[in-house]
J.: 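I'd like to ask you about the structure that follows.
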Amino acid sequence: MFYQGADRAGNEFPEAPSYTFAAGAMYRSEAGWFLGANVRRIDGYYSTGDITNNKQRFGVDAYTVVDAQAGYTWDHYTLTLFAKNLFDEEYITAVDRRHEPPLSPSYAFIGEERTFGLTLTGKF
């Protein structure tokens with residue numbers, strides 16, 4: 001594959017990690033209690049459409065995020081305590097280093113920080 005007059009065969013696609021792994025598990029007791037977790041691992045990748053695979057612009061490092069939930073179900077209700085990004089992993093999802101200051105500032109998009117929540121759901 002030629003791009004801008006150069007052979008790019010074998011290069012990685014930008015915004016496409018070489019692997020993504022996700023797994024989850026859920027335990028439910030007969031008494032109504034439940035506990036679950038999900039983990040996802042994303043390999044590092046080139047960002048901002050970098051088809052050239054410029055090593056200086058390899059801005060997105062690999063990261064792992066864990067989510068968890070615990071709760072109780074009774075009658076028509078479910079009470080759930082959840083945590084997203086349980087270990088508060090700091091990660092970047094995109095970065096632009098095409099222009100260095102003072103020409104134009106570089107920027108990055110960061111992943112969501114740790115979040116806790118509580119939900120109550122009713123089904124009728």
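Residue numbers run from 1 in the order of the sequence given. Keep in mind that what you see is a predicted model, and the values were worked out from it rather than measured.
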J.: Do I42 and Y19 sit in the same hydrophobic cluster, where Ile, Leu, Val, Met, Phe, Trp and Tyr count as joined when their side-chain heavy atoms come under 4.5 Å apart?
T.: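 No; tracing contacts between hydrophobic side chains, which count when under 4.5 Å, never links both residues.
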J.: Kindly confirm or rule out a cation-pi arrangement of R28 over F34, judged by NZ or CZ under 6.0 Å from the six-membered ring centre and within 45° of its axis?
T.: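 Yes, R28 sits over the ring of F34.
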J.: Ignoring hydrogens and angles, tell me if any N or O in the side chain of R114 forms a donor-acceptor pair with the backbone of L86 under 3.5 Å.
T.: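 Yes, the answer is positive, given that a donor and an acceptor are paired below the 3.5 Å cut-off.
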J.: With a cut-off of 6.0 Å (strictly less than), are more than 12 heavy atoms of other residues, nucleotides or ligands near OH of Y72?
T.: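 Yes, the 6.0 Å shell around OH holds more than 12 heavy atoms from other groups.
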J.: Indicate yes or no: at least one non-hydrogen side-chain atom of T93 is less than 4.5 angstrom from one of Y45.
T.: yes
J.: Is the shortest heavy-atom distance from the side chain of K84 to the side chain of E113 under 4.5 Å?
T.: no
J.: Under the side chain to side chain contact (heavy atoms under 4.5 Å, CB included) test against Y91, which residue among V65, V60, I110 passes?
T.: V65
J.: Is there a donor-acceptor pair closer than 3.5 Å between any side-chain N or O of H76 and the backbone N or O of K123?
T.: yes
J.: Check for a donor-acceptor pair, side chain of T73 on one end and backbone N or O of G71 on the other, with a separation under 3.5 Å.
T.: no
J.: What closest approach, in Å, do A62 and R41 show between heavy atoms, and which atom pair accounts for it?
T.: CB-NH2, 3.5 Å
J.: Are the side chain of Y63 and the backbone N or O of D43 linked by a donor-acceptor pair below 3.5 Å?
T.: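 Checked: no pair found.
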J.: Quick check for you: to the nearest 0.5 Å, what is the distance between D88 atom CG and E112 atom CD?
T.: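 Going from the CG atom of D88 to the CD atom of E112 covers 11.5 Å.
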J.: Can any side-chain N or O of D67 pair as donor or acceptor with the backbone N or O of N85 at less than 3.5 Å?
T.: yes
J.: Could you report the tightest heavy-atom contact between A108 and I92, atom names first, then the distance?
T.: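 Looks like CB-CG2, 4.0 Å.
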J.: To the nearest 0.5 Å, what is the distance between CZ on F21 and OG1 on T64?
T.: 10.0 Å
